[in-house]
Number of protein chains: 2
Amino acid sequence: MKMYRSYKPGETILWRGDDLQFVASVVKGVASLSKTLEDGRTQMVGLLLPSDFIGRPGRETVEFDITAITDVTLCCFRRKPFEEMIQTTPHIAQRLMEIALDELDAARDWMLLLGRKTAREKIATFLEMLVRRTNVHGIDANSSDLTLPLTRDEIANYLGLTLETVSRQLNALKNEGMIRFVDRRHFEVVDLLALHEATGDDADGGLPV
Amino acid sequence: MKMYRSYKPGETILWRGDDLQFVASVVKGVASLSKTLEDGRTQMVGLLLPSDFIGRPGRETVEFDITAITDVTLCCFRRKPFEEMIQTTPHIAQRLMEIALDELDAARDWMLLLGRKTAREKIATFLEMLVRRTNVHGIDANSSDLTLPLTRDEIANYLGLTLETVSRQLNALKNEGMIRFVDRRHFEVVDLLALHEATGDDADGGLPV
DNA sequence: TTCATCGGTTGATCTGTATCAATGTTCGCA
DNA sequence: TGCGAACATTGATACAGATCAACCGATGAA
């Protein structure tokens with residue numbers, strides 16, 4: 001009924017079109033959802049963090065590739081019994097609906113970012129999101145010592161940029177004194193207000209992640 | 001309990017942050033969902049067509065502007081009784097979940113388009129979507145005499161381009177013999193295969209709208 | 001009939017980001 | 001202990017699409 005599976009960084013969890021015999025939830029680690037064009041250009045369309053959900057009732061294949069970014073552990077259920085459970089336990093459907101609607105909100109914020117923001121604004125938005133998410137998870141409120149969970153290349157795929165542009169803009173924000181790097185994967189935010197201004201977002205219009 | 005409201009083209013149905021006392025479904029017409037940056041750049045993040053739904057249980061404001069594109073008629077319900085209905089009628093929650101998941105799939109396809117496609121590919125994808133959607137609605141199977149529901153400017157906002165680029169790419173596809181214009185708002189597809197190739201999409205990876 | 005407006009087209013130029021290329025840094029492993 | 005691979009930075013150049021600007025053609029009001 002219920003089983004655990006683990007994946008190494010870089011390992012593909014599911015390919016687009018794969019048969020989806022299981023639904024799963026992320027126990028540990030970070031995974032990416034991504035879509036690819038014919039010639040190989042790819043775009044991340046979501047990140048999976050612990051407690052996030054894979055699979056959907058009534059659909060037997062996935063529409064994107066799912067790849068482990070860090071070590072990932074999933075908790076898997078067979079799809080059939082899970083679907084029956086939805087039928088019989090109404091508030092599960094409700095909960096899943098809320099999850100889907102939250103993801104939809106996040107996807108739409110990302111559409112604004114991908115369609116209209118400059119490279120600089122994209123990077124600033126991404127960093128601000130990391131601040132907010134780290135704080136929500138209650139780790140710290142001081143915006144210092146944040147972790148970049150992705151490589152420059154992965155950030156580029158997330159933001160619709162190239163890795164060179166990511167590197168340049170990250171350094172630009174550093175040189176302007178908004179952020180400081182501890183090492184390549186760790187940074188702190190020196191001037192959160194300036195960072196927010198650099199996102200281009202409307203006063204109260206941050207990402208509700 | 002249930003009432004109808006109408007809007008003229010260009011009229012704003014809801015502003016971001018507006019109090020959402022109602023949920024509604026579109027009876028007639030086309031409306032857009034859009035998000036705006038501080039300096040006015042805007043990006044459409046969705047289109048509402050007849051049968052589409054506005055509002056979500058458990059959230060009292062909308063996160064984007066909703067604007068009528070054509071004459072629009074909505075059928076509105078008070079939010080409270082609607083939410084109670086969800087609690088008591090389980091398959092409504094299920095249906096809403098499916099709608100949300102479908103929209104999420106569409107949003108993710110759009111993220112790939114916004115983040116990675118060229119102007120030409122964006123236009124081709126948009127036209128192919130119109131073909132598919134028109135055919136689904138059973139109007140015709142011949143890809144001839146399709147209607148462009150949006151102005152050049154609105155298309156630009158939908159695709160993350162400027163209106164000049166939309167105009168140029170539309171003409172480029174015309175000059176290559178893929179499409180033909182009847183007038184500014186009506187066209188037919190001459191070479192559907194070529195149009196599909198121009199989308200850049202992976203063989204079987206069309207938009208499941 | 002004229003004029004104003006709105007949506008659309010077309011042209012010239014500019015610019016942000018991609019691309020191409022070389023170099024630097026870190027870390028795991030023989 | 002040093003070597004190689006992966007990740008990252010930096011520089012030079014190219015180009016797609018934005019921007020600025022002029023013009024066109026319907027439609028509708030006076």
Side-chain angles (χ1 to χ4, degrees), chain A residues 8-11 32 37 39-43 67-71 113-127 147-175 179-187 198 200, chain B residues 8-11 32 37 39-43 67 69-70 113-127 147-175 179-187 198 200:
Chain A
K8 294 263 144 239
E11 203 177 337
S32 68
L37 294 173
D39 62 1
R41 280 170 287 167
T42 87
Q43 173 67 54
T67 311
I69 289 178
T70 62
D71 282 298
L113 176 142
L114 292 173
R116 294 300 186 194
K117 287 192 178 180
T118 64
R120 176 191 170 85
E121 289 166 340
K122 287 176 174 181
I123 295 288
T125 306
F126 177 65
L127 295 180
T147 302
L148 234 22
L150 309 175
T151 66
R152 303 292 186 265
D153 193 27
E154 288 161 343
I155 295 172
N157 280 336
Y158 197 30
L159 300 176
L161 297 170
T162 58
L163 70 121
E164 293 95 330
T165 299
V166 170
S167 179
R168 283 187 243 268
Q169 296 296 335
L170 236 22
N171 280 356
L173 297 187
K174 184 194 73 183
N175 292 336
I179 58 174
R180 187 175 310 155
F181 280 100
V182 177
D183 62 32
R184 284 193 170 65
R185 301 295 284 255
H186 296 269
F187 68 101
Chain B
K8 294 261 142 242
E11 204 178 337
S32 68
L37 295 174
D39 63 1
R41 280 169 287 168
T42 87
Q43 172 68 54
T67 311
I69 289 178
T70 62
L113 176 143
L114 292 173
R116 293 301 187 193
K117 286 192 178 181
T118 64
R120 177 190 169 83
E121 289 167 340
K122 287 177 176 181
I123 294 289
T125 306
F126 176 65
L127 295 180
T147 301
L148 235 21
L150 309 175
T151 65
R152 303 292 185 266
D153 193 26
E154 289 161 342
I155 296 171
N157 280 336
Y158 197 29
L159 300 177
L161 297 170
T162 58
L163 69 119
E164 293 95 329
T165 300
V166 170
S167 179
R168 283 187 243 269
Q169 295 296 335
L170 236 22
N171 280 355
L173 296 187
K174 183 194 74 183
N175 293 335
I179 58 174
R180 187 176 310 155
F181 280 101
V182 178
D183 62 32
R184 285 193 168 67
R185 300 295 283 254
H186 296 270
F187 68 101

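All values below come from the heavy atoms of this structure, side chains included, with hydrogens, waters and symmetry mates left out. Letters A, B, ... mirror the listed sequences (proteins, then strands); counts begin at 1.
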Flag, side chain of A/R185 to backbone of A/T147, donor-acceptor distance under 3.5 Å: no
Under the 3.5 angstrom rule, does the side chain of A/Q43 hit a backbone N or O of A/N157 as a donor-acceptor pair?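 It does hold such a pair.
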Take the protein atom [atom1] of [X] and the nucleotide atom [atom2] of [N], then report the distance between them rounded to whole Å.
X	N	atom1	atom2	value
A/H186	D/dA8	NE2	C1'	16 Å
A/F187	D/dA8	CZ	P	14 Å
B/L159	D/dA16	CG	C1'	16 Å
B/R41	D/dT19	CZ	C1'	14 Å
B/I155	C/dG7	CD1	P	13 Å
A/L163	D/dC7	CG	P	11 Å
B/L148	C/dT9	CG	C1'	15 Å
A/K174	D/dT9	NZ	C1'	10 Å

Between A/K8 and A/E11, the two heavy atoms sitting closest are N-OE1, 2.7 Å
At their closest point, which heavy atom of A/P9 faces which heavy atom of A/I69, and how far apart are they?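 Smallest heavy-atom distance, with atoms named: CB-O, 3.3 Å.
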Considering only heavy atoms and no angle criterion, is a donor-acceptor pair shorter than 3.5 Å present between the side chain of B/R168 and the base of C/dG8?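 Check fails, no donor-acceptor contact within cut-off.
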Can you label the angle between the B/F187 ring and the B/F181 ring as parallel, tilted or perpendicular, going by 30° and 60°?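 Because their plane-to-plane angle lies in the 30° to 60° range, the rings of B/F187 and B/F181 count as tilted.
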Using a cut-off of less than 4.0 Å, is there contact between a side-chain N or O of A/R152 and OP1 or OP2 of D/dT9? yes
Interatomic spacing from CD1 in A/I155 to CD1 in A/I123 - rounded to 0.5 Å: 6.5 Å
Rounded to the nearest 0.5 Å, what's the gap from CZ on A/F126 to CG on A/L170? Could you check? 8.5 Å
At under 4.0 Å between heavy atoms, how does the protein contact nucleotides 21-30 of chain C? Give one character per nucleotide, 5' to 3', with B, S or -. B---SS----
If you assign A/R116 and A/D153 each to the DNA chain D nucleotide with the nearest heavy atom, which residue ends up on the more 5' nucleotide?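 Nearest-nucleotide comparison on DNA chain D picks A/D153.
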Residue pairs meeting salt bridge (Lys or Arg N to Asp or Glu O under 4.0 Å), one or both in residues 113-123 of chain B, sequence neighbours left out, come to A/R41-B/E121, B/K117-B/D201, B/R120-B/E176
Does the side chain of A/N171 reach to within under 4.5 Å of the side chain of A/R168, using non-hydrogen atoms?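 No. Closest side-chain heavy atoms not under 4.5 Å.
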Enumerate the protein-to-nucleotides 13-17 of chain C contacts in which both atoms are nitrogen or oxygen and the separation is below 3.5 Å.
from: C/dT17; atom 1: OP1; to: A/A119; atom 2: N; distance (Å): 2.9

